[in-house]
Structure formats: C-alpha cells, structure tokens
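In what follows, a single structure is set out as structure tokens and then discussed.
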Amino acid sequence: MDQFNQAHILLAGTADTANEFFRHAAQAIAVASESRWGGIGFSKPESSEIEVVALWDGEGWGVPFLIQIPGSPCELVYQTTPENMHVYFADGLQDTFSTCDLLKSLGAESYRGQAFYGEDRRIAGHIFALDDKPQPDSAGVRFFFDLLSRRMSTELRRFNQQNTLRRYTNMIAITRNMMSFIDRTYTYRAVSQGYVDTFNAPHEKLIGKRVDEIHGHELFQTVLKPLLDSSFQGESINTRHWIYPPDMAPKYIDVWQTPYVEADGTISGTVVSGHDITEQKAIEETLQKLSLAITHSPVLTVITDPNGVIEYVSPIVEKITGYRPEEVIGKTPSLFKSGRTDRKLYRELWLAIKNKRPWQGELENRRKSGEYYWESISIAPVLNERDELVAFVGISMDVSERKQMEQQLKELASTDPLTGIFNRRHFMEEVESQLAYSKRYQTPLSCMIIDIDHFKQLNDNGGHALGDEAILKFAEVTHETIRVVDVFGRMGGDEFAIALPDTDDREALVLAERLKEKVSKLTIQNNLHSSQMTISIGLATFPSHGDISESVNKLLSRADKALYEAKRGGRNLVGIA
C-alpha cells in the first residue's frame, strides 16, 4: 500500500468535530508527502498571524500555536491568487527564511504548501508539509495537495454549516418561549426549554414524540391537527388557544406556525413559536369585566388628561347630561358648568387634584337641555411609576332627586305645613341669630306675638276648615305687610310671631298698627258662619332699659305679656312691653 492510499484511509476516518478532521488531515499530509511534519493553518482576519490548529510530527499532534506570516514560506501561499497554486521549496529553507523562528526550532529544510478557500472565495487557510531534509518534488504529492485543499474547502463549509445549525438548535433549546419544529408526521424534532418547563420533562423525553402524545388526542384532533395541516400546505398561522400540561394549570398561548420550506421547495414541517399569555388573558378578562361594569353602571366615569381634556366617558353620560360621548370627548368638564356653583369650590377642587390629592364634593351642573342638576363627584389623580401625573379619573352620580328630598325634608323640619312659614323651632333659631347680631352691633330688635281674636269660637262655629282659612289669610296679609328681612313664624295654633331686625319700638308699633288694620278688613265665612277677623298683638323691643344680656325667651316672654294686656283691654289692640 503506497503512501497515498494510507493518507486517504486516514482522511476517511470518523471525525465528529472539525478539530478531529484537521488532525487526521495533518497526519495524512505528512504520510502522503513522506515528510516529518504535516499541518493545517488558518489565517486570522485583520492580522499578520496564522493559527496552526493541527501539526503532526510523526508521533502525535502538538498544541495549536501562532506564527507570523511575514518572513515565513507560507507568506507566498497567501499571496497566490489561483486556487491550485502550489508553493514548494526543496531545500535551503532556513537560509531563504532566516528570520522565521519556527523553521529554526524545527530544523526544517524543505516546505510545500497550498491554500484552501472559504465560502466567500477568500483564502481561509493553508495545508503544509515540512521536513528536516531536502525533499524532491512529485506530481503525485502535488495532486494530493490539490485534492486535499479542495476537500478542506468542502469540509470547512460543512463544519460551518454544522456549527450554525448546532448554534440555532442550541438557541431553540435554551429559549424560554415554546419553540419547536414539527415534521409532517406530527412529530417533534426540536423543542425549546419552554417546552421542558411547560411539560416538566427533559428534551430527550419530548423529541421524537408525536403531538397527540404530548397534548392529548382530543386537543390534537380538534385544534392542533387542523392548524398543522394548514401549515403543511404552506399557510403561516397566528392563533391563540389553551393547552393542558399534565399535573399543571392550563396555559393560554399565542402561537405562530410557519411552514419550513426546503431548498427544493418542499415543506418538511412547521416551526412553532408559542408564548404563554395566560396572565395577559386573565388581565384582559378582568378589564373586559371592568369595561362592562363601567358601561352598564349608573355611575358616570370620566377620564381626562393632566390638563382636564376629556379622553373617555362612559355611555351613561348621554342619559345624565344629554350629551353624546362624541360631543364630550376632547372638551373639558366646564362643558357642564351651571354658573351657580361657588367658584371657591372649583378652586378647592383644582388645588387638591393638581397636588395629587383626591377630591370629593357636590356640584350643581347643567344638562345639554339647560336643565340644572346636582352631581356627587369623586376625582382622583392617576400617577405613573415615577409619581408623575398622567390623568384624572372622576366618577359621579346624579343626586338631584336626593337633593330635592333633602330640601323637602329641610323645609318640613323648618316650616309650618299649613302656611309654609317657619315653625316654632326654626323661628327660635332665627331669632337667636338676630339677637346675637343685635348684641354684637348694638342694633335694636323688636318682636311681636300675635293671636287671632276669638279663634276658638271661629273653629267651633265654622269648623276647622274655616279656622284653617283664617290662618292662611292672616299669613298671606302678613307676608304682604312685613319686610323681606323680617322673620315670620307660627308658634302653634293661632299664635304667630314676627322678629323685626334693626327696628326700634316706635317703628315696630307703626308696622303692628298697619298689620292690625289690614287684618281687620278681612271677612271669614262659609255656609255655617261669617265673621270679621281681628288680631291682638304684643310688642317687645331689645334692649329693654339698657339690658343687653336679655335672652330670646325673655324677649318673647315680654312680648307675650304685652299680648295678654292687649287681650285684657278688649282685643284688636297692640300691647307694648
């Protein structure tokens, strides 16, 4: 067996990695050229160095090392342009390249080398042989070098492709997303770490399994198989569906399926990329529920930007305000202003929310129709993770009906149901306030206590309806006679009282006489009874004899005594305390 056959046998040996093949090739070079050393060198981009990755010295392989291209015989190899250019030095190598330390250390005398090329058609490296004695040239060796340089280019491309494939495979294997390759037999050929995590099984337990073995027959038949079949027909698919890993909670995944097209145009399978969006699904469902709740809620929700421009309103805005949502969005809440709410309240509102504090209160607003209504409003600032103001959220309810009821209750609590004037309790509260004012500013306050004369006889003879008519007519005449600032109240039955602020006893007497005269012109009658109406009046004025400590009760008590004196005097009189 000649040296070339031995060299080819070495090159035919198993090599799982590029380095193993380079070692076999270095040994084959030495055998084929009958040289002491055979080697493989790679050029380093943007460098004047060569990395010798394999060097056979007849007994074994040395450790990879670097040499300088300038001043070495391989410099000629990297200057060649034709692919088959062969560099050969039969002897005198150290004299020719006297600065090359490698040749000196090896004691090399002869050299031959040839370049091999990468995918970009540039020199990637070279094969070479060295010997410590002169070597004759040989057509066979040159032919072997030519074949091996071509083989090196082919193997280099193959190993690069393998490395690229291995890199992509490893990238898929370690990614936490659910990436996989499924062939046309519905079998997993590559799976990512995401599958390992999801199904709690190592790669080797998943690769080689059919889709129905992993996901179950029912899900495979109803969901996954139709999607895969469409992908095998060339369709790229994006879908969302549930998967059910054993002994784990179901997961909702967003999936892309892309057909894998081979170089000849055939589709060998599909690349699946899935992303777990279970949490997003839960958030979406929660937001959908919240959206429905807001949409159907009787509470009006308004969202504005930091400047108060409305960005969202719930649909009930039309029912409450008369404005459609599209008429409101882009406007500010001033659209609803009635002009009847105290401006101070608006200043307090904006001061609170601009300082990132919530605000609650009630405002009187106006509908599109011009009708006024009351709203109970809560406004809160919305802050981002940097504590910056990004929006305001306000919720409000139409409380007009409640406000009306409150007003009615207030009126019921403070007014006489028959006449609508103040009842005894509220009259006393008003007089307390007026008396406090008089004491503070030293102004007079006069009070009158009034009785309808012979009221019991009127009730007995004409009935309660006639008595009520007498009370109503008296109240009407009194309202026409007194001033707006005067306080008028019914103390009970046919007894009434009037408080006259800033009015001394002489002015009060004039008013009392005028009122008595007007009432005396009234006739009260029905089919049972008819009579002329008269009143008796007791009058008292604060202060009395300089007593500035007088109370309301004492003041009214004095007026009551004056009333008693008027009645004793024959009625239809004014008594003065």
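FYI, side chains are in, hydrogens and waters are out, and symmetry mates aren't considered; it's all heavy atoms of this structure. For this chain, numbers begin at 1 and follow the sequence in order.
One finds the CG atom of L500 at 5.5 Å from the OG atom of S446 (value rounded to the nearest 0.5 Å). For the atom pair I449 CD1 and L556 CG, the distance stands at 5.0 Å (nearest 0.5 Å). Taking CD1 from I452 and CZ from F474, the interatomic distance works out to 6.0 Å, rounded to the nearest 0.5 Å. Taken to the nearest 0.5 Å, the NZ atom of K205 stands 11.0 Å off from the CD1 atom of I214.
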Taking distance alone, no hydrogens or angles, what donor-acceptor pairs closer than 3.5 Å link side-chain atoms of residues 301-312 to residues at least two apart or in another chain?
unit_1	atom_1	unit_2	atom_2	d
D305	OD1	N307	N	2.8
D305	OD1	G308	N	3.0
D305	OD1	V309	N	2.9

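Judged by distance alone, the side chains of Q193 and D197 do bring a donor and an acceptor atom under 3.5 Å apart. If you check the side chains of T266 and D264, you find a donor sitting under 3.5 Å from an acceptor. Remark: the Q257 side chain and the T270 side chain contain no N/O donor-acceptor pair separated by less than 3.5 Å. No side-chain donor-acceptor contact under 3.5 Å links S557 and D560.
Residues satisfying the salt bridge (Lys or Arg N to Asp or Glu O under 4.0 Å) criterion with R184, sequence neighbours excluded, are absent altogether. Applying the side chain to side chain contact (heavy atoms under 4.5 Å, CB included) test to D342 and every residue at least two apart in sequence or in another chain returns K344. Partners of E476 by side chain to side chain contact (heavy atoms under 4.5 Å, CB included), not counting sequence neighbours, listed by chain and number: E480. In this view, D468 satisfies the salt bridge (Lys or Arg N to Asp or Glu O under 4.0 Å) rule with no residue, not counting sequence neighbours.
With ring centers used as reference points, Y188 lies 6.0 Å or more from F181. Y186 has its ring centre less than 6.0 Å from the ring centre of F232. Side-chain rings of F427 and F488 stay apart, their centers remaining 6.0 Å or farther from each other.
Under a 4.0 Å N-O distance rule, the pair E507/R514 does not qualify as a salt bridge. Taking the charged nitrogens against the carboxylate oxygens, K251 and E279 have no contact shorter than 4.0 Å, which rules out a salt bridge. Using a cut-off of 4.0 Å between Lys/Arg side-chain N and Asp/Glu carboxylate O, E327 and K368 are scored as salt-bridged. In summary, E362 and K403 engage in a salt bridge, as defined by a charged side-chain N under 4.0 Å from a carboxylate O.
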Determine whether E318 and R324 satisfy the following criterion, salt bridge (charged side-chain N to carboxylate O under 4.0 Å, His left out), listing intermediate values before the conclusion. CA-CA 5 Å; E318 185 171 4; R324 298 188 306 276; 5.5 Å; no

Residue pair E429, R424: steps toward the salt bridge (charged side-chain N to carboxylate O under 4.0 Å, His left out) verdict: CA-CA 9 Å; E429 291 175 356; R424 180 184 182 88; over 6 Å; no

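Residue pairs satisfying the side-chain hydrogen bond (donor to acceptor under 3.5 Å, both in side chains) criterion with at least one member in residues 382-400, sequence neighbours excluded, are listed as follows: R367-D398, E375-S396, N384-E388, R386-E388, D398-S400.
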